[in-house]
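Values below: every heavy atom of this structure, side chains too, minus hydrogens, waters and symmetry copies. Order of the sequence lines fixes the chain letters, A, B, ..., with proteins taken first and strands second; residue numbering starts at 1 for each chain. Everything quoted here is computed from the prediction, not taken from an experiment.
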Amino acid sequence: MDPLIIQDHYEIDYRHSYAEDSPFFVALTKGKLLGSRCTACGYTYATPRSHCMECGAPTSWHELPLAGRVHTYTTCHYGGELFLKETPFTLILVEFDGADTLFLSRLKGAEPEAVRIGMPVVARFAKTPSFKVTDVWFEPA
Amino acid sequence: MRPVYMISGGITKFAKAHPDKDFRLMVKQAYDYALRDVPKFSKDMIDGAVGSYFSDHFTRQLKAASMAQDYLGLCPKPSKRVEGGGATGGLCFQSAWEAVASGRMNCCVAFGFETMSRVNTWKGNEFIALASDTNFDFPVGGFYTGYYAMMVRRHMHEYGTTVEQMAMVSVKNHMNALYNPYAQKAKRLTIKQVRESPMVATPLTMEDICTMSDGAAVCILASEEVTAKVCNRPVTVTGVGSGSDAMRMADRPHGNVILLPHERESDYAHLKYPGVHSFRGGRMAAKLAYQMAGIRNPIEELSFVELHDAYTSSEIQTYEDLGLCKYGEGGKFVESGVPFMPGVDYGLELPKQGRLPVNPSGGLLACGHPVGATGLMQAVFAFWQLQGTIKKHLGNDRLQVKNPKRGLIHSHAGTGTYITVSILEAP
Ligand SMILES: [Zn+2]
């Protein structure tokens with residue numbers, strides 16, 4: 001006998017708290033990019049975390065410059081189902097002066113062939129916030 | 001800790017979908033195959049089991065390993081599930097090793113499976129991308145091929161690695177699989193065909209990436225006492241190691257290389273490590289496994305490697321993490337022909353063809369990657385290699401490495417967040 005196959009739908013809404021990372025998402029609505037700086041060793045994170053990975057001490061919020069450089073990049077022609085309709089899109093890791101780590105974001109307003117490692121980029125912010133990390137993206141400087 | 005032996009293994013054919021069998025039946029088939037290979041072995045010698053599957057999203061059945069446990073008739077023996085992304089199978093293998101090495105069990109079964117066919121490929125990619133930070137990474141365009149593309153772009157920038165070198169990995173692994181009836185996607189390819197296949201995330205094309213699969217694999221590990229009773233060609237597990245790294249690629253440090261015994265600090269005077277171009281967790285795993293197995297120079301002391309080539313790029317990156325060549329030389333390493341099988345015509349010029357075959361089975365690229373089964377599948381192929389029984393199990397001996405002494409298996413999760421390396425040795 002052939003196997004019997006049915007469609008089985010599944011859907012859920014989560015109540016999601018940004019918890020200790022909340023100030024980062026609120027800052028995006030004010031056009032600011034917040035990283036973290038370790039209060040003990042000074043290690044500076046371009047993607048925030050409330051405790052230092054190097055030494056375990058608490059970090060304080062640290063305002064990042066709005067200009068950085070492309071550390072690496074890709075243009076996605078396919079993606080997870082949620083993002084498939086947005087393809088092609090370009091992902092970059094951004095490096096900032098004065099930060100030890102990087103920040104993942106989208107690069108908009110650049111032809112995929114024109115993107116280069118080291119290319120200067122600037123942060124842009126959504127006028128109507130969605131309170132997601134995509135409230136910030138980068139464009140060529 | 002006491003010596004641990006692998007005494008048998010079994011796998012199912014890896015396929016796009018097995019709608020005619022659920023995960024329990026797939027595991028049962030791999031398990032029965034393993035039992036048939038050691039006729040003197042009996043079920044009452046088994047003290048417990050470890051189950052491995054990656055995703056509750058794919059399975060949509062929590063505690064699925066319990067259902068495999070009861071289906072195998074192993075209740076009420078000890079059991080648990082191990083989960084660690086792409087490294088789930090490798091972690092499961094090591095968990096079973098721990099049970100026997102510690103003396104807690106004399107015989108432990110490691111079983112793994114994944115049923116990825118239950119959703120479409122792009123929903124599957126979305127599930128997999130949920131194994132990235134869901135506050136900071138996933139919403140930006142969560143897509144693992146995109147993450148790996150960014151990593152290899154940086155590797156190309158640091159070292160001059162080329163897309164043609166990556167394509168050579170694809171040619172090698174897909175062609176090896178022509179001789180492996182368990183593989184999902186065996187085919188003859190050229191560098192040109194790899195590059196001309198649809199672009200997924202620049203610079204990675206469809207032929208640079210492994211596929212979603214359904215499949216299962218089983219390994220049986222045992223103490224010396226049990227082994228002596230049932231198996232005349234056991235394989236010894238002489239080293240295990242594992243490592244980790246930060247979930248977010250963006251958080252990886254730019255510091256100093258973790259050195260292997262055959263390397264010196266001066267080899268990497270200007271290298272910022274691991275950055276996003278290398279897998280620090282893989283290097284840590286290799287270092288620990290080599291230390292336990294007494295390996296000083298892996299390229300001289302290994303006979304073959306089965307590594308986690310979810311991407312052609314990550315195979316090249318992993319050559320370096322495992323110390324098969326220096327950091328930065330991965331592209332040249334594949335170009336030299338060293339990781340190809342001897343005696344197979346790949347349609348490529350390969351001056352050192354076959355010195356140290358990597359992924360003789362075809363790897364994830366060609367076998368498929370039913371996540372929870374993958375790391376155990378590698379162990380099964382390594383076991384057959386070291387027993388010299390490839391012909392018996394695959395029906396031909398084209399992939400049999402001649403007189404193998406020592407094999408390495410490598411299982412890898414996320415963007416390098418968990419990685420395992422295990423060393424197996426011939427009888
Ligand atoms: Zn610190």
Could you check which of B:Tyr147, B:Phe127, B:Tyr144, B:Phe143 has the highest count of heavy-atom pairs closer than 4.5 Å to chain A? B:Phe143

Quick one about A:Arg37 and A:Thr44 (side-chain donor to acceptor, distance below 3.5 Å, no hydrogens or angles considered), yes or no? yes

Among A:Ser105, A:Pro48, A:Pro112, which residue forms the greatest number of heavy-atom pairs with chain B at distances under 4.5 Å? A:Pro48

Which atoms of B:Asp133 approach chain A - backbone, side chain, both or neither, heavy atom under 4.5 Å: neither

Partner chain B: residue of A:His71, A:His16, A:Met53 with the largest heavy-atom pair count (under 4.5 Å): A:His71

B:Tyr148 ring center within less than 6.0 Å of B:Tyr311 ring center: yes

Which bit of B:Arg60 is near chain A, if near means a heavy-atom gap under 4.5 Å: side chain, backbone, both or neither? side chain

If you tally heavy-atom pairs under 4.5 Å against chain A, which of B:Ala201, B:Ala250, B:Ala149, B:Pro253 wins? B:Ala250

Who wins among A:Tyr43, A:Trp137, A:Tyr45, A:Tyr18 for the most heavy-atom pairs under 4.5 Å with chain B? A:Tyr18

For chain B, the option from A:Thr87, A:Leu4, A:Leu91, A:Thr134 that forms the most heavy-atom pairs under 4.5 Å: A:Leu91

So, the side chain of A:Thr72 versus the backbone of B:Met150: is there a donor-acceptor pair under 3.5 Å, distance only? yes

Please say which of B:His308, B:His155, B:His412 ends up in a ring pair (Phe, Tyr, Trp, His ring centres under 6.0 Å) with B:Phe279. B:His412

Given a strict heavy-atom distance threshold of 4.5 Å, which part of A:Tyr78 is in contact with chain B: side chain, backbone, both, or neither? both

Looking at chain B, which one of A:Phe89, A:Tyr73, A:Phe103 has the largest number of heavy-atom pairs inside 4.5 Å, strictly under? A:Tyr73

A:Ser36 side chain to A:Ser60 backbone, donor-acceptor under 3.5 Å: no

Winner by heavy-atom pair count (cut-off under 4.5 Å) against chain B, out of A:Asp100, A:Asp8, A:Ile92: A:Asp8

Give a yes or no on whether the backbone of B:Pro198 and the side-chain of A:His77 come within a donor-acceptor separation of less than 3.5 Å. no

Check whether B:Arg248 gets within reach of chain A through its side chain, its backbone, both or neither, counting any heavy atom under 4.5 Å. side chain

Ion pair present between A:Arg49 and A:Asp21, side-chain N to carboxylate O less than 4.0 angstrom? no

Contacting moiety of A:Leu93, where chain B heavy atoms sit under 4.5 Å: both

Find out whether B:Pro19 and B:Ser117 are in side-chain contact, i.e. whether some heavy atom of one side chain is under 4.5 Å from a heavy atom of the other. no

Could you tell me which portion of A:Leu82 (side chain, backbone, both or neither) has an atom closer than 4.5 angstrom to a non-hydrogen atom of chain B? both

